[in-house]
Chemist: 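Before I ask anything, here is the structure I am working with.
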Amino acid sequence: MNVNGFKVDVETMEDGSYAVGLCNTDGYGTMPQSYFRWGDEKEKPYYFDFARSGLKGSWKLRDVWRQIFLGTFNGSFETNIPYHEVVMLRMYPVK
């Protein structure tokens, strides 16, 4: 799913958790200059609305790259993502 310059992928894992990739594409591929990194690209804030991806309730989030738990979130998660970078999350349902 593409949302305002971000690509969002949600995959169900075998244990009932979800793997979520949030990628800041911000116009990538829309013009020849977008294929190059100029070094002055700014990170952008992203508001991940769980319900928009079919996820309801509270979730315990883990940052896969940094290998830390971020806490428990209900309904949404906000983060900043650098240009053409990815935030990888593992989401565990809170029962």
Chemist: Is there a chain of hydrophobic side chains (I, L, V, M, F, W, Y, each step under 4.5 Å between heavy atoms) that links L55 to L61?
Modeler: yes

Chemist: If the plane angle is over 60° it's perpendicular, under 30° parallel, otherwise tilted; pick one for F50 and F48.
Modeler: perpendicular

Chemist: Which residue pairs satisfy the salt bridge (Lys or Arg N to Asp or Glu O under 4.0 Å) criterion with at least one member in residues 10-22, sequence neighbours excluded?
Modeler: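 Output for this query lists D15-R90.
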
Chemist: Looking at every non-hydrogen atom in both residues, tell me the closest pair between S17 and P93 and how far apart they are.
Modeler: CA-CD, 4.3 Å

Chemist: Which atom names give the shortest non-hydrogen contact between K60 and V94, and what distance separates them?
Modeler: N-CG2, 3.7 Å

Chemist: Following the transitive rule for hydrophobic clusters with a side-chain heavy-atom cut-off under 4.5 Å over Ile, Leu, Val, Met, Phe, Trp and Tyr, establish whether V10 and L22 coincide in one cluster.
Modeler: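 Yes.
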
Chemist: Distance-only criterion, 3.5 Å: show the donor-acceptor pairs between side-chain atoms of residues 66-81 and protein atoms not counting sequence neighbours.
Modeler:
| unit_1 | atom_1 | unit_2 | atom_2 | d |
| --- | --- | --- | --- | --- |
| R66 | NE | D63 | OD2 | 3.0 |
| R66 | NH2 | D63 | OD2 | 3.3 |
| S76 | OG | Y47 | OH | 3.4 |

Chemist: Any chain of hydrophobic side-chain contacts (each under 4.5 Å) joining V87 to V8?
Modeler: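 Yes, because V87 and V8 connect within a single hydrophobic cluster, where side-chain heavy atoms sit under 4.5 Å apart.
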
